[in-house]
Amino acid sequence: MNDVLSIYFQFKHSSVGHYLLPAFTIMEFSFLSYFFILIFSKPKVKTIIKIIWLSFTSFACIDYFILNKLESLDSFTIGIESMLIILFAIYFLYINLKDSVNFSIYSTFNFWIVITLLLYFAGTFFIYLLVESNRYNVEFRKIYVILNSSFNIIKNILFTIAICMKIKPTILDTSKPNIDLDDDFIINRTP
Amino acid sequence: MFFLQIFGSLNSSTVTLLGTFGMCIMAIAVITVLVMHQRRVFRFNRQLHKMEEEKQQMLLRASIKFQEEERSRIAADLHDDAGPLLATARLYLNENLIHQDTATQLQSLFSAKQIIDDSIVLIRNISHSLLPPTLKNFGLEAATKDLFDRINGSGVINASARFHDNRERLNDEQELLVFRVIQELVTNILKHSSAGFIHLTQNAQGNSVYFRIHHDGKGILQSQFDQLEHGSHGLGLKNIQSRIRVLKGNIFFEIDSTHTYYKITIEIPRTPPD
């Protein structure tokens, strides 16, 4: 749907699309931050992501409305967004690397989503970073279309795999009995 | 500087391609590390599973061996004790008895009756050692208390058992297995620990029933239990473990914080988890 809308605005309402792109970046980062808040279990990490989200959104708004005044594409903001998502993804994979002792991470849908985000944002990082400065460069535009389309296809395939995955919860109960059986023993021993 | 010069001489398209390529390599490297780590984890888990299977096999062999030993013991008891007794009784009741005088006949009959009575007691003892009638008729609580009373009655050791919450009893099969485990533990304590007292407490919480045996003798800890259970010796301990496995329960060997007595806790789920 994202891709269809993007093509629609690009061809039919290019001027509206120009205004929508900054909003899209903020919305995209907000959704992805929310996704990472959901998948991380540590409250401390959740708080850090919330702070990062707030800082990024503030920065993006200042960049669009004050510094750029909606005149150019938000290449720099997209670059920062990509870096942050890549960092979140690597951190998530690192956490899984440490904890995935009793289950297969391939069978979790979070893994496939994160892998998709990592590949997509790593692959499109440079093209988005340089797109504004090469807006009229024909050769660059060709490369942009090829790379962007390729990574979009990869992203969509991996997202499809992620949707097909079912989460299998793993329960490890190693709790020892906490019932106090010694009380009676102590009572029994006292003459 | 060198890299900056190189990048300066390149056009945007080449920089984009090289940059994208580099980023992709980085992403793929991260994923590869993760996949390789997962494979290693799986290999480790497979090894663990294999070890677990070997352990199961060992327990099964121990169980079979124990059964064979038990059969041999019963066979020896019947052959060495009941056999000669009945043979002697038969000697008293031979055909020549009718040709003898009444006094001798009475004497022979009395002796034969005595021997048959002894044989009955002997066979009853063998039968009781196989399945205590108290357990069959009155359940685990009565059988355990009976066992502890008999130990206490010997005067060698102070033994007591107390059941707190036995309103919801385990099923017959579970009770028999728990009784065998308690019997084995108590036998071990009597044989090896030189304890002055043994005390058993039962309680229930949620879906589980707990039994704890305290004794002040020389006991073992969980690590020693695991070691002995894996070793070639310790048939009794292997049997305890295999019975606990059948019950899908747990057993913990501990020492109290003051190091004055040992604790063995058995946790049995009423309805075993799937």
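Just the heavy atoms: all of them, side chains too, but no hydrogens, waters or symmetry mates, feed the values below. So you know, we letter chains A, B, ... as the sequences are listed, proteins then strands, and number each from 1.
With rounding to the nearest 0.5 Å, the separation of CE in B:Met36 from CG in A:Leu97 is 11.5 Å. Atom CD1 of A:Ile90 sits about 5.0 Å away from atom CE of B:Met26, to the nearest 0.5 Å. Rounded to the nearest 0.5 angstrom, A:Leu118 CG and B:Leu34 CG are separated by 10.0 Å. How far OG1 of B:Thr16 is from CZ of A:Phe126: 8.0 Å, rounded to the nearest 0.5 Å. For the atom pair CD1 of A:Ile143 and CG of B:Leu17, the computed distance is 4.0 Å after rounding to the nearest 0.5 Å. The line from CD1 of B:Ile31 to CZ of A:Phe111 is 6.5 Å long, rounded to the nearest 0.5 Å.
Heavy-atom distances place both the backbone and the side chain of A:Ile127 under 4.5 Å from chain B. At a 4.5 Å heavy-atom cutoff, A:Leu129 makes no contact with chain B through either its backbone or its side chain. Interface remark: A:Leu93 contributes backbone and side-chain atoms alike to the contact with chain B (heavy atom separation under 4.5 Å). Contact annotation for A:Phe125: only side-chain heavy atoms (C-beta onward) come within less than 4.5 Å of a heavy atom of chain B.
Per-residue heavy-atom pair counts under 4.5 Å with chain A were compared for B:Cys24, B:Ala27, B:Gly22, B:Gly206, and the maximum is reached by B:Ala27. With chain A as the partner, the residue from B:Val33, B:Val35, B:Ile28 showing the most heavy-atom pairs under 4.5 Å is B:Val35.
Annotation: A:Phe59, atom CZ; neighbour count of heavy atoms from other residues, nucleotides and ligands within 6.0 Å is above 12. Few gaps surround CD on B:Glu52; more than 12 heavy atoms of other groups in view lie less than 6.0 Å from it.
For the side chain to side chain donor-acceptor pair (under 3.5 Å) condition, the pairs that include at least one residue of residues 183-196 of chain B, sequence neighbours left out, are B:Arg180-B:Gln183.
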